[in-house]
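Here is the structure we will look at.
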Amino acid sequence: MTSTPSESGKSRSNDREPADFIRQIINEDNRTGKHGGRVHTRFPPEPNGYLHIGHAKSICLNFGIAAEYGGLCNLRFDDTNPIKEEQEYIDSIKTDVRWLGFDWGDREFYASDYFDQLYQWALKLIGDGNAYVCDLTAAEIREHRGTLTRPGKESPYRGRTVEENLALFERMRAGEFADGSRTLRAKIDMAHPNLNMRDPVMYRILQSPHHRTGNRWPICPTYDWAHGQSDSIERITHSICTLEFENHRPLYDWFLRELGVFAPQQIEFARLNLTYTVMSKRKLLRLVQDRHVRGWNDPRMPTLGGLRRRGYTPEAIRAFCARIGVAKTESTIDVQLLEHCVREHLNRVAPRVMAVLRPLKVTLTNYPEGQVEQLDAVNNPEDPAAGTRKVPFSKVLYIERDDFMEAPPKKFFRLAPGREVRLRYAYFIRCEEVVKDPASGEVTELRCTYDPATRGGDAPDGRKVKATLHWVSAQHAVPAEVRLYDHLFTRPDPDDVPEGLDFTANLNPASLEVLDCCQVEPSLADKGPEYRCQFERLGYFCVDPDSKPGRLVFNRTVTLKDPWAKIQKAKT
RNA sequence: UGGGGAAUAGUGUAACGGCAGCACGACUGACUCUGGAUCAGUUAGUCUAGGUUCAAAUCCUAGUUCCCCAGCCA
């Protein structure tokens, strides 16, 4: 946890700076002294799934705001539903938040930490005539709730006395009743236009063991009953959540008011949507279960685990979250902005290396047999401190198949019969002869000559060349597998499908391409997982955890911007 | 047809009665030993209709469109 989560480094504690609507609210609260200048937020994941880029937006918001205002941000697991939650998720969530660069200190909390307090508060509401035990089944409750346009009917159990309710609730707690047979409900208003206020359930009976409290609680609180009170216990000043909870705010406030306890302010913002991907837990789970991807951390997934494996940096994700801003308008961010953010960071820090993905053999007919030269190559033109390295050069090389065309169209600047190009950091070469497989007609080798006077890449006579190609020396290169990724879906909105089909109809069949005959420069031989670099002219890549010594595996994080590829794509 | 929200270039996001700005994208051009990076430039916007005002994205009125809510999920 070395970095400051506040990317701007600027304090937002004055209201001169353009601030988003949440920071404006906080600025106003600070101005009026509402919380004595205190700012305390929380990130409250439910431990029933893996974190994704949408959560990163919330994490950056909550931890970022706390840091900017000199406040604190808690990590709180919203573990009110034992049948869906598991320790594995808790561990992965903590790993991801830490990886993103945030620190919750010793403030790791669980809603289940507050089950006793919640129970006491429930007793108070019952005592005040504000809650009652209801014997209706789930289906009956639904029927009684009414509809969007029609008021609900009151439960026949609504009129129970305080004593009756207290006795029944005590027995619920003692585990005397079957799952789902009774609930504790807030007594509010069955005719309320907001359905959340029509006597919402506070406790249900769920005998399944809880990952933290074991079998101590046969009853468990609902989100509505637990969340606001948890915020209150932690003295959260600003409880930031997504738009769908806007309808719950009246209830959130109602509980706090009836209890007479510290009242945090709930503020809702629009969740993140990204083009060419899905973000809902349900759809992500479906992709994993139906084997459309290789797992939760498949590099094509928008999960933090997937992005990490893909080679994304925490810095890039934080920069992205800072740029997308925060508002109440529902929006879909162009995935190109995310890609821009990784490129921007990796361009600054990633060492450059040469790797040939689809090798084409090149023999330099006039280069001495058996000779090897060690040529100097710059590690990162954006960072002189990164220094240089030696790259071996010899008579037989590999270049990229895409860098040669027998009949080059207009605007193709690379190698072609009779044409001269530069090999990066090496020599000018000229293509003299094209060798083909007589059967298939496929080009199998290029026989070229090199100009010894151009060693290092410059011609003493000042002659220019239109392209510089990357290459590797055949006898020195290390074989590697490279996994190329593209968008998981073929449409910006995966849900844009013909009637009767679902989002899987838009899955991109070409989202993964595995190249297993790649040749990379020898300096890469000893690199392990999480090593990130730029393959010159191709893109940013990282070593995959599947990689083993002698069997390198790389993932392509993102391509470089490539005008030529765009020209070609436009033609098809 | 109840209630709660939201509408600003292609996509996001500012401007809080006083010149509609920024980022990404797209398109030019310069430079380049990465068709990368960098630099310069172009493109393009206030949902609609009225009203208030010297002045409206901003205030008022009426409409339109989109999102959320009928889990003992969160």
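Every chain is numbered from 1, with letters handed out A, B, ... down the list of sequences. The shown structure was predicted, so the numbers you read here are calculated from the model rather than taken from an experiment.
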- Query: Stepwise, does the salt bridge (Lys or Arg N to Asp or Glu O under 4.0 Å) test hold for Lys283(A) with Asp495(A)?
  - Reply: CA-CA 11 Å; Lys283(A) 287 176 188 157; Asp495(A) 286 319; 2.7 Å; yes

Is [Y] paired with [X] through a side-chain N to carboxylate O contact shorter than 4.0 Å?
| X | Y | value |
| --- | --- | --- |
| Arg42(A) | Glu234(A) | no |
| Asp376(A) | Lys390(A) | yes |
| Asp79(A) | Arg212(A) | no |
| Arg455(A) | Glu373(A) | yes |
| Arg323(A) | Glu344(A) | yes |

- Item | Nucleic acid contacts - residues 267-278 of chain A versus RNA chain B, non-hydrogen atoms under 4.0 Å | none

- Tell me which residues in residues 198-213 of chain A put a heavy atom below 4.0 Å from RNA chain B, sorted by number, or none.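 Contacting residues: Val201(A), Arg204(A).
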
- Query: Pro193(A) or Leu243(A): which one's nearest nucleotide on RNA chain B is closer to the 5' end?
  - Reply: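 Going by which nucleotide is closer to the 5' end, it is Pro193(A).
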
- Task: Sort and list the pairs that fulfil side-chain hydrogen bond (donor to acceptor under 3.5 Å, both in side chains) and have at least one residue in residues 460-471 of chain A, not counting sequence neighbours.
- Result: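 Those involving residues 460-471 of chain A are Glu400(A)-His470(A), Glu420(A)-Arg463(A), Arg422(A)-Thr468(A), Asp451(A)-Arg463(A), Asp461(A)-Arg463(A), His470(A)-Arg537(A).
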
- Message: Need one value for His192(A): base, sugar-phosphate or nothing, where a base atom within 4.0 Å counts as base even if backbone is also close, heavy atoms only.
- Response: nothing

- Looking across every strand, which nucleic acid part, if any, lies under 4.0 Å from Phe535(A) by heavy atom: base, sugar-phosphate, or nothing? nothing

Kindly confirm or rule out a cation-pi arrangement of [X] over [Y], judged by NZ or CZ under 6.0 Å from the six-membered ring centre and within 45° of its axis?
| X | Y | answer |
| --- | --- | --- |
| Lys328(A) | Phe269(A) | no |
| Arg173(A) | Tyr119(A) | yes |
| Arg160(A) | Tyr132(A) | no |

- Distance test, side-chain N/O of Thr329(A) to OP1/OP2 of G12(B), below 4.0 Å: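 No, because none of the side-chain N or O atoms of Thr329(A) sits under 4.0 Å from OP1 or OP2 of G12(B).
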
- Task: Establish, with yes or no, whether the OP1 or OP2 oxygen of C69(B) is under 4.0 angstrom from a side-chain nitrogen or oxygen of Asn196(A).
- Result: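 No, because none of the side-chain N or O atoms of Asn196(A) sits under 4.0 Å from OP1 or OP2 of C69(B).
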
- How does protein reach along nucleotides 24-32 of chain B, written 5' to 3' as B (base within reach of a heavy atom under 4.0 Å), S (only sugar-phosphate), or - (no contact)? SSSS-----

- Task: Check the side chains of Glu382(A) and Asn380(A) for a donor-acceptor pair under 3.5 angstrom, ignoring hydrogens and angles.
- Result: no

- Item | Spacing between Arg150(A) atom CZ and C69(B) atom C1', to the nearest angstrom |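 About 16 Å, once rounded to whole Å.
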
- Task: Could you check how far CG of Asp493(A) sits from C1' of C66(B), rounded to whole Å?
- Result: 14 Å

- Which salt bridge (charged side-chain N to carboxylate O under 4.0 Å, His left out) pairs, counting each pair once, include a residue from residues 179-193 of chain A, with sequence neighbours left out? Asp135(A)-Arg182(A)

- Taking Watson-Crick and G-U wobble pairs with both distances under 3.5 Å, convert RNA chain B into its dot-bracket string, 5' to 3', dots for unpaired and | for cross-strand pairs. .((((((..((((....[..))))((((((.......))))))...(((((..]....))))))))))).....

- So which nucleotide from G5(B), G12(B), C72(B) ends up closest to the side chain of Thr222(A)? C72(B)

- Message: Let's see if you can work this out: which of G35(B), A7(B), G36(B) has an atom nearest to the side-chain heavy atoms of Arg352(A)?
- Response: G36(B)

